[in-house]
Structure formats: structure tokens, C-alpha cells
K.L.:
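Can you keep this structure in mind? I'll have questions shortly.
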There are 2 protein chains.
Amino acid sequence: MKDVAQLAGVSVKTVSRVVNGEAGASVEVRERVLRAAERLDYRHNLGASTLRRKDSRSGIVGALLQDVGNSFSAGLLRALEDSLREAGLSVLAASLDEEPERERGIVADLVARRADGLVLMPASRRHEYLVSEQRAGLPLVFVDRRPHGLDCDSVTVDNVLGATRATAHLIEGGHRRVAMLSDLEEIETAQERIAGYRAALAAAGLELDPSLLVPSVRGEEDASRVVAKLLALPDPPTAFVTGRNTLTIGAVRALRSAGLSHQIALVGFDDFPTADLVEPALTVIRQDVQRIGAEVGRLLLDRLDGAAGPPKHLVLEPSLVRRGSGEITAPGRPRTAARSD
Amino acid sequence: MKDVAQLAGVSVKTVSRVVNGEAGASVEVRERVLRAAERLDYRHNLGASTLRRKDSRSGIVGALLQDVGNSFSAGLLRALEDSLREAGLSVLAASLDEEPERERGIVADLVARRADGLVLMPASRRHEYLVSEQRAGLPLVFVDRRPHGLDCDSVTVDNVLGATRATAHLIEGGHRRVAMLSDLEEIETAQERIAGYRAALAAAGLELDPSLLVPSVRGEEDASRVVAKLLALPDPPTAFVTGRNTLTIGAVRALRSAGLSHQIALVGFDDFPTADLVEPALTVIRQDVQRIGAEVGRLLLDRLDGAAGPPKHLVLEPSLVRRGSGEITAPGRPRTAARSD
DNA sequence: TTGAAAGCGTTACCAA
DNA sequence: TTGGTAACGCTTTCAA
């Protein structure tokens, strides 16, 4: 910048003005400065700028997601990016893979970077460690999972409701033996979905068979194994609820290799891009990823605009998308009969 | 930092040493400094650090992809993140949506941020504008698309080969009327895939029917429309090649609503997570996204380690994954007959 | 409209 | 093992 000033025959301050598009520089001087900058391959240094600026915004927002390669996280990231772009914010994305220590490390890094805000789909269960950052003015928005030991903005989905709807829908189809596969037990959303499953059974007056409730299923392959095992029971389930997209996919594979995908009902949590192309098309509980991402962005931008007030907790309703797999009725129990049950 | 130094009763430099884990600070002093930092909620400022450091690394790598919400970009991003994490680099991800101006803007931003390197799946066709950055020492790695007017590292896939294989595979299945749906014409990979399609037809001695080659198909819905239109031709195609994952999905929808998904063959470019669950399971040309992302990361890290030498251009071979949709034979032409054709 | 000087938080360099 | 001082590239403040 000094060099540019020298070449243009002006002061450093003037160059700064031109570079930042501030008023107070004659057209002639501006021209001269820009030409000099061009000639010298000058590049503005945002780091130095941020350092000195009064309102020191780094223009970076950290997005700590479970796995940016998974369609849920990826869709969220995309929606978030879109809503932050217009405000001139860039997104630094990271995958946590359910590892709390990684979360801590990345948060520390982003704090050191002076990120303007953090979006967190946490891997950790307790979040007291963020209180000091929040007090220091760092806007925090939790997504998909609620904060614990910390009160900050959040956007979540009513998981209990979603799982209840999924399970009830199957019960309406005449099913009495509905199995549930759920994600790692430590994850709160998984617990909530299990709660929804239990609630729906109870509401229908069905007793829970513990052998049909399998928590801590780890991924596609594990889901396939579990489903195969359940199908081999003496009194196997006639319907499945799966607690997350990868588990749904694993379940479909297992049903298919057992040749039962048209006999056994399935409702999956999380929609995904080709769920309607699977045979039978998959009935799912859909979370509106676009909407969630947009709301997260809006909350963050509001805080950056100085919005005070207590943390907001948005809870969106997931919806049941009927496509076929969830409408398979129980053997000997046509749907209509079941309805008047 | 000054405050910490004061509270700990040491000099600023000493605090700096402790914070950076440098040698030359007694255990006792270190303890004292850390306690003071804790008490004052001190947070290291990476921006200021980067500014002053000799080897001024920002620790940020920019990843400019087409759409971080699409499974191809998302998978790439994830693989890249993994390979850069161990080197302590964070990824700033952005979606370009085939908009060259957005690319320019984001590159400018990342340059101003002093990113340590850039990974580019460009939306623009000419890349001279990056030459000065490269000369200034910024490591550049292109992915999926080659640089033009700029010579830098790249990792691409042999698109001609992939499309040739797809088309030849269908021809081997006895098909004589093979249609091709391709992405926006400006995109080089789309051109290459068309070239592969032409080459395979030529090699089989088949004449290209211009009405069966549809370039610039825009997305899922557009692909569905195009397929429906082609099926309504007097002499419709008996097989399709689609030039990218979203087009494949659109094609499947159209075939399905025409009730022809088991009569008409289809080979899609790009694999995606549930391609094996679609009915019939989709035969695809797979690009190994994991591998591509890892190679990109390695190239970048090599350059950051000071690797000189001419740019490297990695060209990976895509592979044909047979799953069913591509093995549907032409009416009246069983596969074996076709083979001996 | 322009400029000089101070300072943002940190590290480099050299001296103690 | 420690500290003082300059400097990184920029913006702020105030004066011209």
C-alpha cells in the first residue's frame, strides 16, 4: 500500500480511501491510485484491515456440521451459504463426525480467527464451554440439536412429533409389530425419535417389544445387518421406522435382499434426493433443509445487526411424505380395516 | 496480550512464546501466563499473528465448487477437508452455480484473505486472471475441469473415455438409437462427454442422429421433459446416456412415468449414494470422488511444502458400474446377438 | 479533498 | 530464559 501511494504520488491514507471506495477522493486521484495498484499487483489485505478497523468484522462464519458429505449437512450448508452471501459473509465449513474433541478444536480455531458467528450442529453434549464466547459477543446458532448449559438461538425440528407420526402412520396401516432403528444413543435427536416411537405405540395401546427397538445403529451396513437379524426373529416385525437417512438406506438394502421390500413397510427419518426413485418409493419424515438453513442464516444475521433480546428457539414441524413404502399394510389387515380398528 | 503480560508480570514477548508453545519459557512462568490468560478470557488473534509472522500462513484454503449441496461437490469437499485437516488447514467453501462473476468475486475475497491455496472447479472458461496470483505464489489446484490460459495443477477425469464407455456399453446391448442428454454447452466436461458419445457411435459405424443429441439440458425437470419428448418421436431411442447426476435422475423420472424404465436402457454419468436402490438399479459411469478429493489435497499440500516443478495434471479413469439399467437390451436384439454383431 | 501520526495485536530481531 | 523495540499492512483520528 505504501508502494502504491508512492507510485501514485499520494498518501497511504488516500490509497486506503480509494481501495475501500470511501468518499473523499477526487476522480483524478482515484484513477491514479487504481492504475498504480494495478501496476504493482497490489492486493488488499483483509487481515490487516480487520485488525485495525473499529467494527472489526472478519466476514467469516463457521459452520460446524456432522458431515458435509451427507445430504442433510450438505443441503444445510448450501442454504446457509445462500442466506449469508448477500451479507458478504463467507462460510468456513467443517465436519465433526460426532467427535466432541474435534468440535472443541474447530471452535477454538474459529474464535482465534475472530469469526463473526458460529453455526453449530454439535457433536458434544454439554456446551458450557461456549458461554464465555457468547458473553464476549459471539453470535451462536445451534441447528438440529439444542444447546445444553448454554442459552442461544437454535433451529431444530420436533423429532418426537416426527417419529410419532411415522410410527402412528404404520400402526394405522394395521401393523402391530413395528421395529425402530435409531442412531447413536448419545445423540439427543435419536433419543427424541425413540420417544416419539414409544409415544405412538403407547397411544395405540401397543406394548413395546424391546427386541424391536434397536438403538445405536452405526450406519448403512450396520442397519442392513440389524434389519436382517430382526427379520429372522420367530415373530418378525412387519414394519420399520428408521431414525436417519443412512439407516433408511441400509434398511432398504436388507429388505430388498430378503425379497421383502414390497411386503414390509418402512418409514424413514430424513428425506433425500432420490427417495422417490427407490422401489417402492420411500415414505419419509421430511425436514425442510432449505428452510432450516435459511432460518439459521436469518437468526445469525439478526444478531450481527445487533438484535438483542433473549435467544430464539425455532422448532419446525417435520412432515410425513407418503410415497409407498410406508403405505404397505400389515398382512391380513388391509388399511381400511385398520383405520376402523 | 498486553494485559495478560501485565497480570502475569512478564513481557508481551513471553506471553507470545507461551501461547505459541515455543521453547524458552520456564515451567513456572508458563503456568503463570496461562493462568492469567484464563482469568482474562484471553483469545489469541490469528489475524494479527498471520500479519506479523514471517511465513505468513492464514491456514485457510478456498474451495470453489459448483454446488456444495450436490452430492458430487459435497463428496469432494468432504474428501478435501479430510486430507487438509491433518495439515491444520481449514476449508472455506463456496458454491458457484456456473456463474463466472461469482467465481471472480470469491477468488478476490480469498486472495484478500491471504488464503494459503485455492481449489477451483471453475465456472469461468478462461483463467488468465489467475496468472498473477499464481506468480505471486498462490497454490492453485483445478478439479473436474482443466485450466485455460493458465497452467496449474489439476485433477480431472477422462470424460471422453467415460462417455465412450457408457455409449459403447449400450451399443453392445444391441441399441442402435442411443440418445444423449448433456449439461450446459459452455462447460468443457459436457463437451468432452458429447465427444465420447460421438466417438462410440462412430466406432460402431452408427450414424449420429442429431435429434437424439440434446445439449444444454438444465436440470432434473428439464431432463424429464427432454426424455419425454424424445420418447414421443416416431422412431424413439431405445437407450439413453445422461451427462450428469441430476440429468440421470430426471431421466429416470420420465422413463418411469412413461412406464418404460424396464424397457429402455440408461447409463448415467456420476454415481450417487442411492443409485443401486433405484428400480432398475442404475448403471453409471463412476468418478471416484473420494480419490479425486484426496489427490487434490495432496497436490495442494505438496505445493505448500514448497514443491516446485511443473504443474501436474492427474487424469483419472472413470469406471462403468453395471447395475441393471444399462444392461437392458434393445428390443429383438438380445445382448449375446449384439455382441457377435 | 488530502495527509501525518498513532495504534490494532502480534511476532522478529537482537540484546540482556 | 527473558525483554525491549520495531514492524506487519492497514484504518482511525485529527489537523491542514
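Residue numbers start from 1 in every chain, and the chains themselves are labelled A, B, ... in the order their sequence lines are given, proteins ahead of strands.
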K.L.:
If only side-chain N and O atoms of B/N20 are considered, is one of them under 4.0 Å from the OP1 or OP2 phosphate oxygen of C/dT11?
P.N.:
yes

K.L.:
Is a side-chain donor-acceptor pair under 3.5 Å present for A/Q66 with A/S95?
P.N.:
no

K.L.:
Rounded to whole Å, how long is the line connecting atom CG of B/D41 with atom C1' of C/dG9?
P.N.:
17 Å

K.L.:
Return whichever of B/L51 or B/K13 has its heavy-atom-nearest nucleotide of DNA chain D closer to the 5' end.
P.N.:
B/K13

K.L.:
For B/R43, report the nucleic acid contact type (base, sugar-phosphate, nothing); a contact means any heavy atom under 4.0 Å.
P.N.:
sugar-phosphate

K.L.:
Does the pair B/E295/B/R298 count as a salt bridge with the N-to-O cut at 4.0 Å?
P.N.:
yes

K.L.:
Could you check whether B/V10 gets within reach of a base, just the sugar-phosphate, or nothing at all, counting any heavy atom under 4.0 Å?
P.N.:
sugar-phosphate

K.L.:
Using only atom types and a distance under 3.5 Å, with no angle test, would you say the side chain of A/D153 pairs donor to acceptor with the backbone of A/K312?
P.N.:
yes

K.L.:
Can you measure A/E31 atom CD to C/dT2 atom P for me and round it to whole angstrom units?
P.N.:
13 Å

K.L.:
Check the side chains of B/E188 and B/H148 for a donor-acceptor pair under 3.5 angstrom, ignoring hydrogens and angles.
P.N.:
yes

K.L.:
Could you state the atom-to-atom distance from OH of B/Y42 to P of C/dG9 in whole Å?
P.N.:
10 Å

K.L.:
Kindly say if A/T14 contacts the phosphate of C/dG3, meaning a side-chain N or O under 4.0 Å from OP1 or OP2.
P.N.:
yes

K.L.:
Could you check how far CG of A/N45 sits from C1' of C/dC8, rounded to whole Å?
P.N.:
13 Å

K.L.:
Taking atom types as they are modelled, would you say the side chain of A/R17 forms a donor-acceptor pair with the base of C/dG3 within the 3.5 Å cutoff?
P.N.:
yes

K.L.:
Any donor and acceptor pair, going by atom type alone, linking the side chain of B/S124 with main-chain N or O of B/P100 inside 3.5 Å?
P.N.:
no

K.L.:
For C/dA4, take OP1 and OP2 only and decide whether either is under 4.0 Å from a side-chain N or O of A/S11.
P.N.:
no

K.L.:
Go through the side-chain N and O atoms of A/R43 and B/S132 and say whether any donor and acceptor fall under 3.5 Å apart.
P.N.:
yes

K.L.:
Nearest-Å distance, CZ (A/R53) to C1' (C/dG7)?
P.N.:
15 Å

K.L.:
Considering only heavy atoms of chain B and a distance under 4.0 Å, specify the first and last nucleotide of DNA chain D in 5' to 3' order that meet this criterion.
P.N.:
D/dT1 to D/dG9

K.L.:
Check the distance between C/dT2's C1' and A/E28's CD and give it to me in whole angstrom.
P.N.:
13 Å

K.L.:
Could you tell me how far apart A/Q6 (CD) and C/dT2 (P) are, to the nearest whole angstrom?
P.N.:
18 Å

K.L.:
For A/H127, what residues pass the ring-ring contact (aromatic ring centres under 6.0 Å, His included) criterion, not counting sequence neighbours?
P.N.:
A/F142

K.L.:
Starting at CZ of A/R114 and ending at P of C/dC8, how long is that distance when rounded to a whole Å?
P.N.:
14 Å

